[in-house]
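Notes follow the structure.
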Amino acid sequence: MSARAGRDITGIILLSLVLWQFFTSGDAVNTMLYPQLRDIVAIFATDWRKMLLGIGSSMYLLGTGMGLALILGIVLGLLTGGSTRLSEALLPLAKVISPVPPIIYTPYAVAVLPSFEIASIFVIFSSIFWQIYIQVATAVRGIDPKLLDSARTLNLNAWSMLWHVLWPYCLPRIMKALPVAVANAFMVLTAAEMIGAQSGLGYYVRYYADFADYTRVIAGILLIGIVVSLLNGGIAILERRLVRWH
């Protein structure tokens with residue numbers, strides 16, 4: 001991000017806060033529905049313990065589901081991309097299944113799976129796995145044959161071919177796909193938490209929405225946005241460190 005873009009974003013945020021404060025300061029404003037900015041900020045001071053517990057619960061589910069999706073998506077993607085037979089059999093099926101938003105079957109997963117934790121991990125896994133799997137398999141299928149031929153002339157074994165050729169080739173695509181995958185995963189996670197959880201950021205928003213405490217609802221929504229932004233920022237830093245050659 002350029003310095004100018006950073007200043008523009010900061011300016012837009014500050015302007016939005018000023019406008020919010022201005023339009024919620026009138027006597028005719030329903031402060032229950034449109035709480036003032038100072039009241040929203042005060043929630044972060046009074047509810048920080050609940051918020052930290054919610055972040056911890058959500059991050060545990062997100063990390064578990066995302067970790068499983070990345071491992072299996074990368075491994076199976078490499079295997080599929082390296083085999084013409086597997087690519088022809090599996091990729092068409094994956095492209096049919098992947099467009100179905102996991103949020104659609106989140107309520108069913110919560111209802112039929114043994115626990116909410118397993119259901120949440122499943123929908124998070126589903127929201128990330130297919131995208132990573134297809135990206136990796138497609139990348140391997142599209143690699144320049146001359147590059148593979150050059151690697152074979154060096155008598156590389158299968159492991160060396162995987163680690164020194166295919167993995168560096170696929171890594172940039174994986175890192176580029178991660179921010180969108182994480183955003184989608186967080187969306188289905190918070191939706192699941194609003195359905196059947198007893199903790200987490202989605203649960204925090206739903207719990208206070210049930211009591212019409214919209215000051216806390218807005219604070220929870222802002223917290224979710226902050227957490228997602230921090231995750232994407234972390235991914236960007238990780239990408240710069242891992243993909244130095246790209």
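Heavy-atom basis, side chains included; hydrogens, waters and symmetry copies ignored.
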For Leu62 and Leu231: C-alpha separation, side-chain torsions, deciding distance, then whether side chain to side chain contact (heavy atoms under 4.5 Å, CB included) applies. CA-CA 11 Å; Leu62 182 67; Leu231 286 173; 3.6 Å; yes
Tell me, with the steps shown, if Ser58 and Leu189 meet side chain to side chain contact (heavy atoms under 4.5 Å, CB included). CA-CA 8 Å; Ser58 295; Leu189 169 61; 3.9 Å; yes
For side chain to side chain contact (heavy atoms under 4.5 Å, CB included), just list the numbers for Leu70 and Leu178, CA-CA rounded to whole Å, side-chain angles, deciding distance to a tenth of an Å, and then say yes or no. CA-CA 9 Å; Leu70 287 174; Leu178 268 185; 3.8 Å; yes
Side chain to side chain contact (heavy atoms under 4.5 Å, CB included) between Phe116 and Gln198: does it pass, once the steps are laid out? CA-CA 9 Å; Phe116 171 78; Gln198 297 300 316; over 6 Å; no
Show which side-chain atoms of residues 216-227 pair as donor or acceptor with protein atoms under 3.5 Å away, not counting sequence neighbours.
residue: Arg216; atom: NE; partner: Asp47; partner atom: OD2; Å: 2.6
residue: Arg216; atom: NH1; partner: Asp213; partner atom: OD2; Å: 2.9
residue: Arg216; atom: NH2; partner: Asp47; partner atom: OD1; Å: 3.4

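When atom types are taken as modelled, the side chain of Gln135 and the backbone of Arg173 share no donor-acceptor pair closer than 3.5 angstrom. For the pair Ser127 (side chain) and Ile124 (backbone), a donor-acceptor distance under 3.5 Å is present. Not one N or O on the side chain of Thr215 forms a donor-acceptor pair closer than 3.5 Å with the backbone of Asp39. Between the side chain of Trp20 and the main chain of Pro35, a donor-acceptor pair closer than 3.5 Å is present.
For Gly81 against Ser87, the heavy-atom pair with the smallest separation is CA-OG, 3.9 Å. The two atoms that bring Tyr133 and Thr80 nearest to each other are OH-OG1, 2.8 Å, heavy atoms only. Shortest non-hydrogen contact noted between Ser98 and Trp130 is CB-CB, 3.6 Å. Nearest heavy atom pair, residue Pro102 against residue Ser126, reads CG-C, 4.0 Å. Across every non-hydrogen atom of Arg206 and Met194, the tightest pair is CD-O, 2.7 Å. Of all heavy-atom pairs spanning Pro99 and Ala94, the tightest one is CD-O, 4.5 Å.
A 6.0 Å sphere centred on OH of Tyr34 holds no more than 12 heavy atoms belonging to other residues, nucleotides or ligands. The 12-atom threshold is exceeded at CZ of Phe44, counting heavy atoms of other residues, nucleotides or ligands nearer than 6.0 Å.
No hydrogens or angles considered: nothing links the side chains of Tyr207 and Lys50 as a donor-acceptor pair under 3.5 Å.
Counting only heavy atoms from C-beta outward, the side chains of Leu78 and Ile74 approach each other to under 4.5 Å. Side-chain contact between Glu193 and Tyr204 is absent, with no heavy-atom pair separated by less than 4.5 Å. Using a 4.5 Å heavy-atom threshold, the side chains of Ile55 and Leu201 count as touching. Asn232 has its side chain out of reach of Phe186: every pair of non-hydrogen atoms, C-beta onward, lies at least 4.5 Å apart.
A distance of 4.0 Å separates CD of Glu239 from NZ of Lys176, quoted to the nearest 0.5 Å. The CD1 atom of Ile71 sits 10.0 Å away from atom CZ of Phe125, with the distance rounded to the nearest 0.5 Å. Interatomic distance, CG of Leu90 versus CD1 of Ile97, reported as 9.5 Å (0.5 Å rounding). Met175 CE to Leu238 CG: the interatomic distance, rounded to the nearest 0.5 Å, is 4.0 Å. In this structure, Leu14 CG and Leu19 CG are separated by 11.0 Å, a value rounded to the nearest 0.5 Å. Here the CG atom belonging to Leu52 is positioned 12.0 Å from the CE atom belonging to Met59, to the nearest 0.5 angstrom.
Residues Phe211 and Ile43 are members of one and the same hydrophobic cluster, defined by side-chain heavy-atom contacts under 4.5 angstrom among Ile, Leu, Val, Met, Phe, Trp and Tyr. In this structure, Val18 is not a member of the same hydrophobic cluster as Phe23, with clusters built from ILVMFWY side-chain heavy atoms closer than 4.5 Å. The same ILVMFWY cluster, assembled from side-chain heavy atoms under 4.5 Å apart, contains both Ile118 and Val112. Phe22 and Ile40 are not part of a single hydrophobic cluster, where members link through side-chain heavy atoms under 4.5 Å apart. Under the 4.5 Å side-chain heavy-atom criterion for grouping Ile, Leu, Val, Met, Phe, Trp and Tyr, Leu171 is not connected to Ile237 through any hydrophobic cluster.
Checking Val136, Ile174, Val180 one by one against Gln131, the side chain to side chain contact (heavy atoms under 4.5 Å, CB included) holds for a single residue, Val180.
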